[in-house]
Amino acid sequence: MLKQNFDQLNTMLAKLATDDGFRDRMQHDPVRALDTLGIKLDPAKVPAARRLPSKDAAAADHAALASKQIGENGMVLFMLSGVSVSRLAS
């Protein structure tokens with residue numbers, strides 16, 4: 001995983017775990033919310049029905065991501081528990 005992608009995913013998970021405003025924007029307009037983090041998302045790939053991971057699940061994924069070594073970054077999506085996280089990162 002490129003460092004920029006790693007940093008973006010790290011920031012997104014931190015915000016999903018703690019920032020109610022970001023969570024609200026992700027729920028209602030994920031393309032725009034992710035754009036604020038420099039993540040480009042094709043609007044056609046956003047499902048009409050969306051459900052965010054809980055704050056606790058996002059915090060656990062954030063902690064798991066933070067604990068991984070640089071050499072393991074390519075496997076990080078397989079190590080995270082949130083299905084929606086892997087969809088957002090692809």
Side-chain angles (χ1 to χ4, degrees):
M1 177 180 288
L2 299 172
K3 180 170 178 6
Q4 179 182 7
N5 293 350
F6 181 86
D7 291 345
Q8 291 168 328
L9 181 58
N10 190 47
T11 300
M12 180 188 68
L13 288 171
K15 286 182 165 288
L16 285 173
T18 62
D19 186 335
D20 290 328
F22 181 75
R23 291 178 61 82
D24 186 58
R25 289 187 299 277
M26 279 291 291
Q27 187 65 41
H28 294 97
D29 190 353
V31 173
R32 202 160 154 192
L34 291 173
D35 189 58
T36 65
L37 303 179
I39 300 170
K40 303 300 179 198
L41 184 64
D42 180 354
K45 293 184 178 182
V46 177
R50 299 181 285 275
R51 191 175 80 200
L52 296 175
S54 70
K55 285 183 172 183
D56 289 340
D61 287 346
H62 182 248
L65 181 66
S67 72
K68 301 303 166 198
Q69 299 294 323
I70 297 297
E72 295 178 313
N73 287 345
M75 295 296 292
V76 72
L77 290 177
F78 297 105
M79 297 173 195
L80 297 175
S81 61
V83 172
S84 58
V85 171
S86 64
R87 284 185 194 162
L88 291 172
S90 61

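Side chains are part of it too, since the values below use all heavy atoms of this structure and drop only hydrogens, waters and symmetry mates.
Separation of atoms CG (Asn10) and CG (Asp61) is listed at 11.5 Å; rounding is to 0.5 Å. Taken to the nearest 0.5 Å, the CG atom of Leu13 stands 4.5 Å off from the CG atom of Leu9. Distance check, rounded to the nearest 0.5 Å: CZ of Arg50 to CE of Met26 gives 9.0 Å. Here OG1 of Thr11 is found 8.0 Å from CD1 of Ile39. Values are rounded to the nearest 0.5 Å. Atom NZ of Lys15 sits about 12.5 Å away from atom CZ of Arg23, to the nearest 0.5 Å.
Listed by chain and number, the residues in a side chain to side chain donor-acceptor pair (under 3.5 Å) with Asp24 are His28 (sequence neighbours excluded). In this structure, the side chain to side chain donor-acceptor pair (under 3.5 Å) partners of Lys55, at least two apart in sequence or on a different chain, are Asp20.
In terms of heavy atoms, Pro30 sits closest to Val46 at CG-CG1, 3.6 Å. Here the closest heavy-atom approach between residue Ala57 and residue Ser54 is recorded as N-OG, 3.0 Å.
For the salt bridge (Lys or Arg N to Asp or Glu O under 4.0 Å) condition, the pairs that include at least one residue of residues 37-46, sequence neighbours left out, are Asp35-Lys40.
Counting heavy atoms of neighbouring residues, nucleotides and ligands inside a 6.0 Å radius, atom CZ of Arg32 does not exceed 12 of them.
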